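Please read the structure below before turning to the comments.
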Amino acid sequence: MPVPASEDSPAPPRRGPPPPIPVTVLTGFLGAGKTTLLNRLLADPALADTAVLINEFGEIGLDHLFVRPVEEGIVMLSSGCLCCTVRGDLVAALEDLLRGRDNDRLPPFSRVIIETTGLADPAPVLHTLMTHPYLAMRYRLDGLVCVVDAVNAAATLDAQEEAVKQAAMADRLVLTKTDLLATAEDAQALDALKARLKRLAPGAVLLDVADASAATLLNAGLYDPSAKIPDVARWLAAEAVAAAATGTDEVEPNHHDSRIRAFTLATDAAIPAATLDLFLELLRATHGANVLRLKGIVKLKEDETTPVVLHGVQHVLHPPVRLPAWPDDDHRTRLVMIVRDLDPKVIERLFNAFLGVPEVDAPDRAALTDNPLAPPGLAR
Ligand SMILES: Nc1nc2c(ncn2[C@@H]2O[C@H](COP(=O)(O)OP(=O)(O)OP(=O)(O)O)[C@@H](O)[C@H]2O)c(=O)[nH]1
């Protein structure tokens, strides 16, 4: 991971490429209300210059300037790993949009919304935006919005692990069909669902569809266009994740949810770039498939005044971004991770091993077998 040179501003230099176009990915299980929500959002004049990519046109017609269908088409990355695929169809559709815009065939849209199919794993969509050399330059992920049907979500989350993954990876969670909940039991079930979603995605903003708007759902990324300095604290939501980490034991063991854990790592220590590189490489190589999302800001030893921002989805790490300065008073390294089938302690020990933090209370034998750097077979 080459750490880039400091930039004076997230905006590119005047004669360079245009600023990347924000992309919002809209997920949610079958019939959860994605298209209905999209339809409502597109009626907002603030989204008049939005291009929409949608897998299939459902019963609700979208009346918008450029709504484009995309076919399902998964392409494997050269690593050959199933979980880090990119979508060839999506690459073609996103390239086509840019061509149209650059040739004045299309109006100069300033935002893209991609509605996925209900069964979709969001990871390949995010990988497409993060790994394609040209698309990663012209587009940037703004956020992942997951629509959750308040009537059926509990049963769906119990039965479908993809629904759990969609919710766990989200930056924004929108509860639909709350208008259909009438009884006291319904209200109780809704509270339980909200608590469940908060455990799954403690860093995500959870809102009712009645409050869903361009203002509340969009600009979830690092760069809010209205703010000159990236709002890292809002984007990371490290405090919310840390606060929720204490309550995860209540999860019923049979739920798919119990496989998901959200946690933060924080340190005051400055990390040499080469050490960070090695840590991330080992994390990707040994646990990449289980790290559903990684967000972070890192204090580098080489220049403690210009932190690096990280964003990863499973094996795929977005090229790190060097900030010109710390965005606020918190100058600690903070990593926020959503993992599946992985004990946060394993990552914590790996991180501490790279930082040189001794495992003071580990007995000798455990220090050997628990060593996260030990060769496979020796480590537990
Ligand atoms: N009562 C109520 N019905 C809703 C709400 N949101 C969506 N619906 C209804 O739920 C049904 C499915 O909505 P869609 O917007 O098509 O859902 P979708 O997620 O796009 O569906 P797929 O594309 O098939 O996955 C439609 O009949 C909508 O009218 C809501 O907030 N309240």
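Each ligand, and each atom within it, is numbered from 1 in the order the structure gives. Since this is a predicted model, take the numbers as computed values, not measurements.
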Close N or O approach ([X], ligand 1; < 3.5 Å):
X	result
G31	yes
L180	no
T176	no

* Among all residues two or more places apart in sequence or in another chain, which pass the side chain to side chain contact (heavy atoms under 4.5 Å, CB included) test with R40? ->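 Per chain and number, R40 pairs via side chain to side chain contact (heavy atoms under 4.5 Å, CB included) with V209, A212.
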* Are R140 and D142 ion-paired here, with the side-chain N under 4.0 Å from a carboxylate O? -> yes
* Asked: Does R284 come within less than 4.0 Å of E281, counting only side-chain N to carboxylate O?
  -> yes
Interfacing atoms of ligand 1 (cut-off 4.0 Å, heavy-atom, [X]):
X	answer
L30	25 (O)
E115	20 (O), 23 (O)
A32	17 (O), 19 (O)

* Greater than 12 external heavy atoms within 6.0 Å of K177's NZ -> yes
* Which of the listed options, V209, T116, T36, D179, holds the heavy atom that is closest to atom 6 (N) of ligand 1? ->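 The option holding the nearest heavy atom is T36.
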* Pairs satisfying salt bridge (Lys or Arg N to Asp or Glu O under 4.0 Å), at least one member in residues 287-299, at least two apart ->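 Non-adjacent pairs meeting salt bridge (Lys or Arg N to Asp or Glu O under 4.0 Å): D171-R293, D171-K295.
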* To do: Quick one: sort the H331 and W326 rings into parallel, tilted or perpendicular, breaks at 30° and 60°.
  => parallel
* Answer yes or no for G28: is there a heavy-atom contact with ligand 1 below 4.0 Å? => no
